[in-house]
Number of protein chains: 2
Amino acid sequence: MAVTIKDVAKVAGVAPSTVSRVIADNPRISMNTKIRVRKAMKDLGYHPNVNARNLVARSSQAIGVIMPSSADNALQNPFFPEILRGIGACAHEMKYSLYISTGGNEQEVYEEVQGMVHGNRVDGIILLYSRVADPVQQFLIDVKFPFVIVGKPKERESEITYVDNDNVKASKELTNHLIELGHERIAFIGGSPKLTVTTDRLQGYKTAIEAANLPAPLDYVVHAEFLTSGGRDAVEQLFALEAPPTGLVIADDLMSLGVINTLEEIGLKCPDDVSITSFNNLYLSAFINPPLTTVDIQIYMLGMHATRCLIEKAKDKEEPAKRIIVPYEIKYRQSSEFLKEE
Amino acid sequence: MAVTIKDVAKVAGVAPSTVSRVIADNPRISMNTKIRVRKAMKDLGYHPNVNARNLVARSSQAIGVIMPSSADNALQNPFFPEILRGIGACAHEMKYSLYISTGGNEQEVYEEVQGMVHGNRVDGIILLYSRVADPVQQFLIDVKFPFVIVGKPKERESEITYVDNDNVKASKELTNHLIELGHERIAFIGGSPKLTVTTDRLQGYKTAIEAANLPAPLDYVVHAEFLTSGGRDAVEQLFALEAPPTGLVIADDLMSLGVINTLEEIGLKCPDDVSITSFNNLYLSAFINPPLTTVDIQIYMLGMHATRCLIEKAKDKEEPAKRIIVPYEIKYRQSSEFLKEE
DNA sequence: ATGAAAGCGCTAACAG
DNA sequence: CTGTTAGCGCTTTCAT
């Protein structure tokens, strides 16, 4: 049987409540007894029982992290460990712990969220994806449970706290960069159009293309999986076109990796034949050949901010919905280059 | 205020204890009242309070997952989301939830583990790494807390339950494959020598090299980070040698990716000039250029088995230490090829 | 087959 | 400043 607050109290010669106060570092306890109690705790190897504490406090000092359902291969993206790192760092600092859900499908994810909320397992939830008509989001709103989204909500934007980059602007900048390099046939490769991140990046691309009066055939917009394999599929589509693009705006570095490799197979080189710009600045992006021009969206920071916001919200439920835009930084590297004259 | 067992009891016209029994599906409750109580639960939207339940049950139906400290960049490896997927699937099926630790440094990880154990937050722990002289492992052994390791423990192997591949054998097979292709100068690139996974794979390589009477200069063994950048560093060392290798056994696909890209930069092509074999069969390994010959270690399965074992151990503390070897499968792809005559 | 009551370990009034 | 007391929501003897 584990050592409890009572045991400590007995050894220290005080009442259990005093021990409790010492744990909470209550200022009304004399330094003297504090020291005595702390010594007793050390001696006995006391550790508070979280369940008991949470039961009375009606809180758990834990936050739930919801990943996309693992049916979604995108989970393979190093984006997730990286953002987990940011979330973990902030949570640890604030003495919160992390609960994660990796449901196998959407239904399971939904159930896990329900369990977390109703079972009082977590004080708040971070959603690591944002898509249209998400029942999870709806549920959280309905029961008024604190949550924040990493990414931008599609609906009820003003009521939801979220942490995001200005993806539209970043994408526009990337596209303009290609335009400045002399490219005129620029295509866009994104993930599922149901994800806000895709639509925002697409919109930035479109805005820049239109502003520059460049051709924008429908064929130049391709949606594929947020993975190396997705890049592969996209290349097969785009370079079968009559007028294939010379510049590419790609919504994720892993996709870009697939694109580069596939281009090579069909005899095209990056950046000589095709310039590539993309998003996320994954750890590997600087080390592949050629190194990627990519938007550093500061994944770690996204995680930190999301966590901080969430904890604020969990502590004060009246906290109004907030929107945090994390600045991005474009890393210009060799994958994008001046268009060669033909 | 959430609806409790008492509210349900009142509505159903029974005692709280009866409701509790219905939840546990106690066979000594008449079908009739079971139905009545269940209806009341539905009507009121009742959900059991996990904290209260855990408090009395002294268990939490949760398992802790310990990642390497996030100071370790290896966290970026898609290995982690993938194994999390396996763990999550099994945990969900057994109605367990997941607690994860992503401490910023080893000290923090240690503290988080302590908190999990002493606070009764989890019923057991899965360690996603295995290194020499790990204080976390030692602690878990000391307090006799159920845990399993993914990988092979360095010390006290027979006392610890672990799930692993036969890395020695796989590595030997990989090396022999290169030997059969005609390679004579074969080098090994591994991660930290403190990790069992590295030493096992190294040993398999050495065994095969010795058995074939091939040269094994010390320079042919390089240790680098389990990442793309690590592959880059390794190439710089190996191909500065007087007699650079023509075949490579690499302990991780991400490293291989770095190797391939770096080789390209110094004018060497894979597999024409250098054949590559590696480990893990990450999702991207089939889609890069050239596709990697790599050992599919069945990451998802490793996670499933680890979780199943752990839950068994948590339920019955007397369960003896077990060792589970998950079969691997070598995927032969284009990165390894016959050695060209010079 | 069901109810009454005790208690898991802790915190939070309320006294003093 | 510190002790007493009453629960938090649930499970579990022990009765009946």
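None of the values given here were measured: they were computed from a predicted structure. In the text below, chain A, chain B and the rest are named by the order of the sequence lines, each starting its count at 1.
A/Met67 places none of its side-chain heavy atoms less than 4.5 Å from the side chain of B/Arg85. The closest side-chain heavy-atom distance from B/Arg308 to B/Ile324 is not below 4.5 Å. Contact annotation: the side chain of A/Lys34 approaches that of A/Met31 to within less than 4.5 Å [non-hydrogen atoms, C-beta and beyond]. Residues B/Val117 and B/Phe139 form a side-chain contact, since some pair of their non-hydrogen atoms from C-beta on lies under 4.5 Å apart.
A sub-4.0 Å separation between OP1 or OP2 of C/dT2 and a side-chain N or O of B/Thr33 is present. Of the side-chain N and O atoms in A/Thr4, none sit less than 4.0 angstrom from OP1 or OP2 of C/dG9. Side-chain N/O atoms of A/Ser17 include none lying less than 4.0 angstrom from OP1 or OP2 on D/dT4. Using a 4.0 Å cut-off, no side-chain N or O of B/Arg28 falls inside it from OP1 or OP2 of C/dA1. For A/Ser30 and D/dT2, the shortest distance from a side-chain N or O to OP1 or OP2 is below 4.0 Å. Contact annotation: A/Thr18 reaches the phosphate of D/dG3 (side-chain N/O to OP1 or OP2, under 4.0 Å).
For the pair A/Asn26 CG and C/dA13 P, the computed distance is 12 Å after rounding to whole Å. Rounding to whole angstrom units, CG of residue A/Asn120 and P of D/dG9 are separated by 9 Å. In this structure, CD1 of A/Ile23 is placed 8 Å from C1' of C/dC10, rounded to the nearest angstrom. D/dT2 atom P lies 10 Å from atom NZ of A/Lys34, rounded to whole Å. Rounded to whole Å, atom P of D/dG9 lies 17 Å from atom CG of A/Asn49. Protein atom NE2 of A/His47 is 16 Å distant from nucleotide atom C1' of C/dC10, rounded to whole Å. One interatomic measurement links the two molecules: CD of B/Gln61 to P of D/dC10, which rounds to 16 Å at whole-angstrom precision. Counting to the nearest Å, the P atom of D/dC8 and the CD1 atom of A/Ile5 are 18 Å from each other.
Each of A/Leu55 and B/Ile29 was matched to the nucleotide of DNA chain C holding its nearest heavy atom; the match closer to the 5' end belongs to B/Ile29. Projected onto DNA chain C by closest heavy-atom contact, A/Arg53 and B/Pro16 fall at different nucleotides, the more 5' of which corresponds to B/Pro16.
At a threshold of 4.0 angstrom between heavy atoms, the contacts of A/Val19 with the nucleic acid are absent.
Side-chain contact check for B/Asn105 and B/Ser69: no donor-acceptor pair (N or O, by modelled atom type) lies under 3.5 Å.
Nearest to the side-chain atoms of A/Ala15 among the listed nucleotides C/dC10, D/dG3, D/dG9 stands D/dG3. The nucleotide whose nearest atom lies closest to any side-chain atom of B/Val56 is, among C/dG3, C/dT11, D/dG9, D/dG9. If you check C/dA1, D/dG9, C/dG3 against the side chain of B/Arg21, the one that comes closest is C/dG3.
Base pairing in DNA chain D gives the following stems of 3 or more Watson-Crick or G-U pairs, range against range and under 3.5 Å: C:1-16 with D:1-16.
Counted within 6.0 Å of NZ on B/Lys95, heavy atoms from surrounding residues, nucleotides or ligands total 12 or fewer; the atom is thus considered open. Atom CG of A/Asn32 is surrounded by 12 or fewer heavy atoms from other residues, nucleotides or ligands within 6.0 Å.
Using a cutoff of 4.0 Å between basic side-chain nitrogens and carboxylate oxygens, A/Asp134 and A/Lys194 are not scored as salt-bridged.
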